[in-house]
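Every number for a ligand or one of its atoms is a count from 1 in the order of the listing. Each residue takes its place number in the sequence, starting with 1.
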Amino acid sequence: MLYRRMPKNGDELSILGFGCMRLPLKDGKIDESRAIDQIRYAIDQGVNYVDTAWPYHGGESEILLGKALADGYRNRVKLATKLPSWMIKSREDMDRYLAAQLKKLGTDRVDYYLLHALNGASWDNLEPLGVLEFLDQAKKEGRIVNPGFSFHGLAEDFTRIVDAYPWVCCQIQYNYLDEEYQAGTKGLQYAAAKGLGVIVMEPLRGGNLGVSTPPAVMAIWNEAKVRRTPAEWALRWIWNRPEVTVILSGMNEEAHIKENLSIANTARANTLTKEELDLVERAGRTYRELMHVGCTGCGYCMPCPSEVMIPICFEEYNRMYLFGAGEEVKSRYAVRMSGELADGRPGYASQCVACGECLDKCPQHILIPDMLAHVAEEMEGPKLTERLAAARLILKIGAR
Ligand code: SF4
Ligand code: SF4
């Protein structure tokens, strides 16, 4: 296992972290003994950063991880979990959730405590509620050690959040399709330049860059002199960046864990050749050509007077066409657009009234209202309410 140093505190962290968002299931619940075996096996092989969050597996992930870290495993890892920022209505809520999380995890401290899934709106909600004072206080009391945040918003919001507090780390979505999406490469470099460690999530875009590879992309990988799986290309491309500290992978198959561990033994920064980087660039370009909307997620079209979350509508629409996971993507669309994980304000494609205000702002010249009509037609329809209700149950969020 290779290790990289967290810049502000000197922690030597395994470049592969264990993410507990997609643990193995049995009869619809976490397969407890298998999940514990997997986590402990990864730790035995050198993984020392484990990550969970309040909503994962309907609240069960933190409990499972607490069990996995018994029998001496707790002291062998840095433990990360996250404050469910969208559920916070008051300063008291912050202490309440942290106390409950410590109990669920069976520990007296969280080594890396992140504000979960920040974006501009959730940050503007949390900051006035006193979240920075909460972090300082929790740190002083030893309930948390290193404060950080995870991010799913626009690039300009990322930099202002980085600048707002002496964070130790941030967690961003990053892979070779998301170089210009959300924080993106610029955000990665900005955070690293400010001394933050960067934890990368979604290295395989929810597993999709590792499975169901479109044939046109597979043909590119087959040209490589060194044969690697699509997942290995995706992971090595991220680890090639020296700014990255840890990649979190949600590994729930023993074979994937072994594969990832083996790559993490040799994936040093700045080792991919120009030829190899060109291949990845071509694979990324091919993926983008297969997408139905050429949206880069830049956000220049925002805000929309009807509050449509335009880039996210297009992101989910593309996801459906690239990876063919129709029902799963539609459920995800239902909950993301409902706004219930952020500020509570919905942003569905069907809210578009075709005012045209966004049209001139899009550098990709996308006919936004026309495309949104397609998104609404294909991703909403009569089943939208049903999908949202099911997602609420899974995430344990109440109807607004
Ligand atoms: S055309 Fe639709 S998406 Fe664009 S600004 Fe108007 S309402 Fe919003
Ligand atoms: S629709 Fe255009 S302006 Fe809006 S996020 Fe996508 S690329 Fe950017």
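Remark: ligand 1 atoms within the under-4.0 Å shell around heavy atoms of Ala354 are 1 (S), 2 (Fe). Counting the atoms of ligand 1 from 1 in the order shown, those under 4.0 Å from a heavy atom of Cys358 are 1 (S), 3 (S), 4 (Fe), 5 (S). Close approach to Cys301 involves these atoms of ligand 2, each under 4.0 Å from a residue heavy atom: 1 (S), 3 (S), 4 (Fe), 5 (S). When each atom of ligand 1 is checked for a heavy atom of Pro369 under 4.0 Å away, the hits are 1 (S). Residue-ligand proximity, Leu372 to ligand 1, at heavy-atom distances under 4.0 Å covers atoms 3 (S). Of all the atoms in ligand 1, the ones that sit under 4.0 Å from a non-hydrogen atom of Pro305 are 5 (S). Those atoms of ligand 1 that come under 4.0 Å of a heavy atom in Cys304, given as number and element, are 3 (S), 5 (S), 7 (S), 8 (Fe). When each atom of ligand 1 is checked for a heavy atom of Ser306 under 4.0 Å away, the hits are 7 (S). Heavy-atom proximity to Gly356, at under 4.0 Å, picks out these atoms of ligand 1: 1 (S), 6 (Fe).
Ser14 places no side-chain N or O within 3.5 Å of a backbone atom of Gly17 that could act as its donor or acceptor partner.
The residues Asp71 and Arg76 are annotated as not salt-bridged, no charged nitrogen and carboxylate oxygen being separated by less than 4.0 angstrom.
Results of the side-chain hydrogen bond (donor to acceptor under 3.5 Å, both in side chains) test with His152 over Arg336, Gln182, Glu202, His116 single out Gln182 as the only residue that passes.
No path of Ile, Leu, Val, Met, Phe, Trp and Tyr side chains, each step under 4.5 Å between heavy atoms, connects Tyr56 with Ile88, placing them in separate hydrophobic clusters.
The shortest contact between atom 2 (Fe) of ligand 1 and any protein heavy atom is with Cys352 SG, 2.4 Å.
The distance from atom 6 (Fe) of ligand 2 to the nearest N/O/S atom of Cys362 is not under 2.8 Å. At a cut-off of 2.8 Å, Cys355 coordinates atom 6 (Fe) of ligand 1 through an N, O or S atom.
No side-chain heavy atom of Asn260 sits less than 4.5 Å from a side-chain heavy atom of Ile257. Met291 has its side chain out of reach of Phe314: every pair of non-hydrogen atoms, C-beta onward, lies at least 4.5 Å apart.
When heavy-atom distances to ligand 1 are checked against a 4.0 Å cut-off, Leu359 has no atom that comes that close, whether in backbone or side chain. For Ile368, every heavy-atom contact with ligand 2 shorter than 4.0 Å involves the side chain, none the backbone.
Taking the six-membered ring for Trp and thresholds of 30 and 60 degrees, Phe158 and Phe149 have ring planes inclined between 30 and 60 degrees apart.
With a 6.0 Å cutoff to the six-membered ring centre and a 45° limit on the axis angle, Lys8 does not count as a cation-pi contact of Trp167.
Atom CG in Asp157 sits 9.0 Å away from atom OG in Ser122 (nearest 0.5 Å).
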